[in-house]
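Throughout, protein chains are lettered first and strands after them, A, B, ... in sequence-line order, and every chain is numbered starting at 1.
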Protein chains: 2
Amino acid sequence: MSESCNTYHECCLYFTANSLARQVNEMAEDAFKITGLAPSYAHLMLLLIEEPGLSQNILSDRMNLKASTMTRFIDKLMQKGYVERVQEGRSVYIYPTESGKSLKKSINQALSILFDNYCEVMGKDFAVKLTADIHKANTILKE
Amino acid sequence: MSESCNTYHECCLYFTANSLARQVNEMAEDAFKITGLAPSYAHLMLLLIEEPGLSQNILSDRMNLKASTMTRFIDKLMQKGYVERVQEGRSVYIYPTESGKSLKKSINQALSILFDNYCEVMGKDFAVKLTADIHKANTILKE
DNA sequence: ATATTTTATTTGTATGTACAACTAATGTCT
DNA sequence: AGACATTAGTTGTACATACAAATAAAATAT
């Protein structure tokens, strides 16, 4: 443990990362209201619009979610008519529908709003650097 | 959005922070097995051992959890006999029991193991710096 | 070609967490 | 003091996510 911390709560990556996720979730839920989707579903849609035909397996890997969670996410996006499943052998490939693709604009807009919001509070430089570092950590942890 | 990102997925704080939280959760769940508690409960116990008698309200604020979530956390810790509630007026103050206090050692051990684990993968300097930055972001976002 | 193992997905179930509505206590204004 | 507003906590409900077991297809070994 780092010697420069008063309490474990500020120097444990588990505690701090979860806290941050919860706080940013709150902002994100707000910003993504205009899309009609929860932020994680919007994230998934964006992946699919960029690369149609990814398998569920790959999708869960990209988002660091378990396969079972991905099944449920896709179920819900199908219900809303935003994606379709194409089964080939044991794999299932996911494609956005036209109506799914049409979400792109509002999702990007929501991302922009969210970005502006947290930059306003934390300062842009710090926010961008922090995000890049967290991304780096994610990459490393994925082995 | 930062100009240096290929995709939104790596430059959106929401996406990256959630991903990180999920990955670190996995490591934490592992490390905290020796305590018999899920990491978030251990976190709470640690807060209570350090400062017995915090109100539920303050506890949820410290952990960035909603009051209703805190009610449920405390319910569970009471069932296990690790804390007790002392109601005074409309506030409820929480105290660790003897058996609760005795968890301190194994929780600290788990924290140590977890810290070593992620430092080994990410490098200690980077890990410590990242945690400090995330803590800073948390503080700022809490206004 | 059959048996075995591995891989992708699904389903049942459990837990973490939040929101909204509710209760009860306290504080404020007149 | 009585009416209204605020605050702390609880409860019902919903959703995100995970784990474990089940299914089914593909790959491998014999």
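Using modelled atom types, one side-chain atom of A:Q87 and one backbone atom of A:G89 make a donor-acceptor pair closer than 3.5 Å. Between the side chain of B:S102 and the main chain of B:S99, a donor-acceptor pair closer than 3.5 Å is present.
Non-hydrogen atoms lying under 4.0 Å from DNA chain C are contributed by A:R22, all within residues 19-47 of chain A. Annotation: proximity of residues 68-80 of chain A to DNA chain C (heavy atom, distance under 4.0 Å) is found for A:S68, A:T71, A:R72, numbered in ascending order. Looking at residues 84-94 of chain B, you'll see B:R85, B:R90, B:S91, B:V92 sit with a heavy atom under 4.0 Å from some atom of DNA chain D.
Looking at which nucleotide of DNA chain C each of A:S60 and A:N18 is closest to, the 5′-most match is held by A:S60.
Note that OH of B:Y118 is 10.5 Å distant from NZ of B:K124, once rounded to the nearest 0.5 Å. Note that CD of B:Q79 is 12.0 Å distant from CD1 of B:I74, once rounded to the nearest 0.5 Å. Taking CE of B:M122 as the start and CG of A:L13 as the end, the distance is 5.5 Å to the nearest 0.5 Å. To the nearest 0.5 Å, the span separating OH on A:Y93 from CD on A:Q56 amounts to 11.0 Å. Within the model, atoms CG of B:D116 and CG of B:L111 stand 11.0 Å from one another, a figure rounded to the nearest 0.5 Å.
We find that A:E50 and A:R62 are not joined by a salt bridge, their nearest charged nitrogen and carboxylate oxygen being 4.0 Å or further apart.
Classified by interplanar angle (parallel below 30°, tilted 30° to 60°, perpendicular above 60°), the ring pair B:F32/A:F15 is tilted.
The nearest whole Å value for the distance from the NZ atom in A:K66 to the P atom in D:dA21 is 16 Å. Rounding to whole angstrom units, CE of residue A:M63 and P of D:dT17 are separated by 7 Å. When the P atom of C:dA25 is taken as reference, atom CG of B:N57 falls 17 Å away, rounded to whole Å. Distance, B:L65 CG to C:dC19 P: 11 Å, rounded to whole Å. Rounded to an integer number of Å, the gap from CD of A:Q56 to C1' of D:dA24 is 14 Å. Atom CG in A:D61 sits about 13 Å away from atom P in D:dA18, given to the nearest Å.
Of the candidates B:I134, B:N64, B:N25, B:N138, A:N18 forms a side chain to side chain contact (heavy atoms under 4.5 Å, CB included) with just one, namely B:N25.
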Could you walk me through whether A:L65 and A:L59 pass the side-chain contact (heavy atoms from CB on, under 4.5 Å) check? CA-CA 8 Å; A:L65 290 170; A:L59 285 168; over 6 Å; no
